[in-house]
2 protein chains.
Amino acid sequence: MMMDGSATAPGGTRTRIQERNRARILDAALVAFARFGYRGARVEQIAEAAGMSKSNLLYYFRSKTEMYKAVLAALLERWLAPLRTLDPEGDPRAELTAYIEQKLRFSAEEPEASRLFANEVMQGAPMIRDVLEGPLKELVDEKTGVLRRWAAEGRIRDVDPHQLIFLIWATTQHYADFAPQIAALTGREVADPAYRAEVLKTLTALIFDGLLPPA
Amino acid sequence: MMMDGSATAPGGTRTRIQERNRARILDAALVAFARFGYRGARVEQIAEAAGMSKSNLLYYFRSKTEMYKAVLAALLERWLAPLRTLDPEGDPRAELTAYIEQKLRFSAEEPEASRLFANEVMQGAPMIRDVLEGPLKELVDEKTGVLRRWAAEGRIRDVDPHQLIFLIWATTQHYADFAPQIAALTGREVADPAYRAEVLKTLTALIFDGLLPPA
DNA sequence: GCTCGATTTGACCATTTGGTCAGGTTTTCT
DNA sequence: AGAAAACCTGACCAAATGGTCAAATCGAGC
């Protein structure tokens, strides 16, 4: 099979070996980038974690940057998928609860992905700014529209929909990004499904019913 | 005056020049560490930002690690100071609003400090684990006690106090850590006091009154 | 079992990085 | 003024890092 010298087949075709090794690399790279950031991650270390030599890794990805971009691209879709499922026709409370639950599960099951995303944005989102300003903004604009409609129909209170979304993002992400702090303070782990269920319950209670006692 | 060879006087005494240069270094280091993490930050770059040679910087801080620890130590107190002000005798709504406002202001005025703290915790809090498990835990235990008492007295609903605190931390910190994303999606800046006021209002409305319309 | 491209390796390289050191300059104290 | 200590610099170093390359090895189709 003709290859262009790199393992990134432009034709789209990909060997079984390539499939396997690229996946291994992306997994290892995600962990490393999430932990140390782009600059702090070491190529050799990623190679070792992926079970291959540095040279071989660089056969699959021409450079550290290319690898980083690939990791981010693979991550982005998973990160914003949950928001897509927010159904304008559904019940606000049920829809938002389902959304929060998805985000919480993502934080628990892919904490590295969550952290890497945070890391990238914290650095000014140099690699994904166009995604934030393009596809993400469009999606968010659409969903804030839904929230506004719900408010207009009197089904939820009239709060700034952006901020409601940010609150959900912030809190759910917090359980991935600040896991060590949460563990130190509560002794609980987000990885524990029981804890996650408690969090979901408390979170939805707070968001929907508020903190003040019923009048 | 006797010095021990390093600029870190163990006796505690410190020259005017030392005062000034250490401050410059810590400022520059905070920005660098916040942006690139410990590993990613470059000593030479910090020195340049602080307006001195790398050699001179290393005259004030023996190593990158020592510098990092100093930055963290200076940061920690400011980070958790607001929680101390939560007054058990006060009105829950007023107290929590004041607390949220302080955290929000911190995010806006010292976004680098906020990001560095996030970065450190995301990496497993290798340098400040003892602080999290010691002083921070004690403080949080005390304040969760206050929240529990308020709940017992029927002044607020009975929600897990830890999670209430996490929600406040997460949302307020979000405005510093994810500033680029917020700017991309809303066009607003947390640095803008007007926006901050809006955020505070929406946030407290959500937390206290909830999202559901009054029955 | 041969062939040719895909895969893998190890030696190698230029650059960067954290850190040292000997010596020079400035400040401070008497 | 002058000595001692504080402050600063530039040259230098060893280790680490991202990346290259020629050559060896593997594997699927004939």
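Hydrogens, waters and symmetry mates play no part in the numbers below; they use all other heavy atoms, side chains included. Since we're looking at a predicted model, the values are computed, not measured. Each chain gets a letter, A, B and so on, in the order the sequences are listed, and its residues count up from 1.
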| request: Within residues 40-58 of chain B, find the residues that approach DNA chain D with a heavy atom at under 4.0 Å, and present them sorted by residue number. | output: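 The answer is Ser53(B), Ser55(B), Asn56(B).
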
| request: Would you list the pairs meeting salt bridge (Lys or Arg N to Asp or Glu O under 4.0 Å) in which at least one residue belongs to residues 40-52 of chain B, sequence neighbours left out? | output: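 Qualifying pairs: none.
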
| task | Would you indicate what Arg39(B) reaches in the nucleic acid, counting non-hydrogen atoms under 4.0 angstrom: base, sugar-phosphate, or nothing? | result |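 Nothing, no heavy atom under 4.0 Å.
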
Please output the side-chain donor-acceptor pairs of residues 125-136 of chain A that fall under 3.5 Å, not counting sequence neighbours, one pair per line with the distance.
unit_1, atom_1, unit_2, atom_2, d
Arg129(A), NH2, Gly124(A), O, 2.9

Hey, is the side chain of [X] poking within less than 4.0 Å of OP1 or OP2 on [N], counting only N and O atoms?
X	N	answer
Tyr60(B)	dC8(D)	yes
Arg16(B)	dT28(C)	yes
Tyr59(B)	dC8(D)	no

Please report, rounded to the nearest Å, how far the [atom2] atom of [N] is from the [atom1] atom of [X].
X	N	atom1	atom2	answer
Arg24(A)	dT8(C)	CZ	P	9 Å
Gln18(B)	dC7(D)	CD	C1'	9 Å
Ile17(B)	dT9(D)	CD1	P	12 Å
Tyr68(A)	dT17(D)	OH	P	19 Å
Phe36(A)	dG18(D)	CZ	P	12 Å
Phe61(A)	dT7(C)	CZ	C1'	15 Å

Let me have the donor-acceptor pairs involving side chains of residues 176-188 of chain B, under 3.5 Å, with sequence neighbours excluded, atom names and distances please.
unit_1, atom_1, unit_2, atom_2, d
Asp177(B), OD1, Ser114(B), OG, 3.4
Asp177(B), OD2, Gln173(B), NE2, 3.3
Thr186(B), OG1, Ile182(B), O, 2.8
Thr186(B), OG1, Arg188(B), N, 3.0
Arg188(B), NH1, Glu198(B), OE2, 3.4
Arg188(B), NH2, Glu198(B), OE2, 3.1

Ignoring hydrogens and angles, write down the donor-acceptor pairs under 3.5 Å from the side chains of residues 23-35 of chain B, residues two or more places apart or on other chains.
unit_1, atom_1, unit_2, atom_2, d
Arg35(B), NH2, Gln123(A), O, 3.4

| Side chain of Ser63(A) (C-beta onward), nearest among dG18(C), dG19(D), dT8(C) |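 Nucleotide nearest to Ser63(A)'s side chain: dG19(D).
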
| said: For the CG atom of Leu147(A) and the CG atom of Leu96(A), what is their distance to the nearest 0.5 Å? | reply: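 Reported value, rounded in 0.5 Å steps: 6.0 Å.
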
| query | Listed by chain and number, what are the ring pair (Phe, Tyr, Trp, His ring centres under 6.0 Å) partners of Phe117(B), not counting sequence neighbours? | reply |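 For Phe117(B) the ring pair (Phe, Tyr, Trp, His ring centres under 6.0 Å) partners, ignoring immediate neighbours, are Trp79(B).
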
| message | With no hydrogens and no angle check, just 3.5 Å: does a side-chain donor-acceptor pair link Thr65(B) and Tyr38(B)? | response |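 Looking only at side-chain atoms, Tyr38(B) and Thr65(B) do form a donor-acceptor pair, the distance falling under 3.5 Å.
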
